[in-house]
Amino acid sequence: MADGRRVRGQRSREAILGSAVALASVDGLGGLSLGRLAETAGVSKSGFFAHWRDKEELQLDAVEWAARQWVEHVIVPASAAPKGVRRLFALHEARLAFYRDGVLPGGCFFFVAQVEFDDKPGPIKDRVARAMNDWLGYLEHTVREAVDRGELRADPAQLAYEIEALGEAAVTHSRLRDGPTAFAHARRAVLDRLRALSPTPELLPED
């Protein structure tokens, strides 16, 4: 009986967090409404307080959930590619697929969260910043692996920044302008940059 309650409680918590991340990708974390969340997740309002003491605690867990989702949809699929420049490009392609496939209705949770909290000191800003630093750190690590393998000549921090900037541009351009063209441009921009920096461009697609 106790195990069954725990399983149901965990499922309820995960349903709420999934809904919170999806809604926040459109309305921001500050725009989360307990009533709308309850309706979307199919739980009662009172069910929230079995998991979280207040809205900020829910918001912090939503950031954690979004980070886990990013790992699942972007980092894990890209890890199937060989280490080095091919894995670096696979990360960019997996990111674009995340946006193109509409995993989140607003496109990108972290793009919205960073705009919302960049000027609001506090634990949520700190957690969003940590998630972004973790992602950029992983990009830098992947660039550094490619450099160490002789597949790239680049400053890891600089190239990671450039790839991140091009990925972020795809979010808004795909939604405000022509989506397929925006994704094609974002893919081509990183591919051309990597091929230009690589002594072994044959490891990468030609187009």
Side-chain angles (χ1 to χ4, degrees), residues 13-14 16-41 45 48-49 51-75 91-92 94-143 155-179 182-183 185-186 189-190 193:
R13 183 178 185 277
E14 290 177 355
I16 294 168
L17 286 173
S19 296
V21 169
L23 291 173
S25 74
V26 177
D27 298 325
L29 284 167
L32 290 177
S33 155
L34 294 188
R36 188 177 175 198
L37 263 178
E39 181 181 352
T40 304
K45 287 185 183 180
F48 283 93
F49 300 103
H51 304 292
W52 298 281
R53 292 170 299 179
D54 53 38
K55 185 174 177 179
E56 182 177 86
E57 199 172 72
L58 168 63
Q59 290 170 323
L60 288 167
D61 280 353
V63 179
E64 295 284 353
W65 186 266
R68 287 174 54 188
Q69 185 183 59
W70 190 257
V71 169
E72 177 186 349
H73 286 272
V74 178
I75 293 178
L91 280 170
H92 185 62
R95 176 191 197 152
L96 295 180
F98 181 88
Y99 300 150
R100 187 176 56 246
D101 295 346
V103 176
L104 294 175
C108 183
F109 171 91
F110 286 105
F111 185 85
V112 175
Q114 66 178 314
V115 173
E116 184 180 10
F117 286 96
D118 60 350
D119 289 321
K120 296 179 182 177
I124 299 175
K125 175 183 178 178
D126 294 343
R127 183 61 192 92
V128 171
R130 187 163 83 247
M132 292 179 63
N133 286 335
D134 287 346
W135 165 242
L136 271 171
Y138 185 72
L139 276 179
E140 287 184 32
H141 168 77
T142 308
V143 175
D155 177 319
Q158 177 65 33
L159 184 56
Y161 182 90
E162 293 173 14
I163 293 172
E164 171 64 10
L166 289 163
E168 285 191 355
V171 179
T172 51
H173 282 239
S174 65
R175 304 179 78 78
L176 293 173
R177 304 181 68 199
D178 177 64
F183 291 130
H185 286 170
V190 171
R193 184 77 172 121

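Since the structure is predicted, the reported quantities are computational estimates derived from the model, not experimental observations.
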Contact list for residues 112-122, test salt bridge (charged side-chain N to carboxylate O under 4.0 Å, His left out), sequence neighbours left out: none

Could you list the residues that satisfy salt bridge (Lys or Arg N to Asp or Glu O under 4.0 Å) with [X], not counting sequence neighbours?
X    : result
R130 : E64
E56  : none
D27  : R36

Taking only residues two or more places apart in sequence, or in another chain, which ones meet [X] in a side chain to side chain contact (heavy atoms under 4.5 Å, CB included)?
X    : result
D126 : none
K125 : F117
A182 : H173, S174

Atom pair [atom1]/[atom2] of [X] and [Y] - distance to nearest 0.5 Å:
X    : Y    : atom1 : atom2 : result
H141 : D134 : NE2   : CG    : 13.0 Å
L23  : L29  : CG    : CG    : 10.5 Å
I75  : T142 : CD1   : OG1   : 8.0 Å
L58  : L17  : CG    : CG    : 6.5 Å

Name every donor-acceptor pair, under 3.5 Å, that has one atom in a side chain of residues 99-115 and the other anywhere in the protein, sequence neighbours excluded.
residue, atom, partner, partner atom, Å
Y99, OH, R95, NE, 2.9
Y99, OH, R95, NH2, 3.3
Q114, NE2, E168, OE2, 2.8

Residue pair W135, E164: steps toward the side-chain hydrogen bond (donor to acceptor under 3.5 Å, both in side chains) verdict: CA-CA 9 Å; W135 165 242; E164 171 64 10; 2.7 Å; yes

Side-chain heavy atoms of R13 within contact of D61, under 4.5 Å: yes

Student check: side-chain heavy atoms of Y161 and E140 closer than 4.5 Å: no

Residues which pass ring-ring contact (aromatic ring centres under 6.0 Å, His included) with H185, listed by chain and number, not counting sequence neighbours: none

Heavy-atom closest pair, residues A62 and V21: O-CG2, 3.3 Å

Heavy-atom closest contact (A186 atom, L96 atom, distance): CB-CD2, 4.0 Å

Working for side-chain contact (heavy atoms from CB on, under 4.5 Å), residues I163 and L91: CA-CA 10 Å; I163 293 172; L91 280 170; over 6 Å; no

side-chain hydrogen bond (donor to acceptor under 3.5 Å, both in side chains) partners of W70, counting only residues at least two apart: none

side-chain hydrogen bond (donor to acceptor under 3.5 Å, both in side chains) partners for E162, two or more places apart: Q158, R193

Working for side-chain contact (heavy atoms from CB on, under 4.5 Å), residues D155 and V143: CA-CA 8 Å; D155 177 319; V143 175; over 6 Å; no

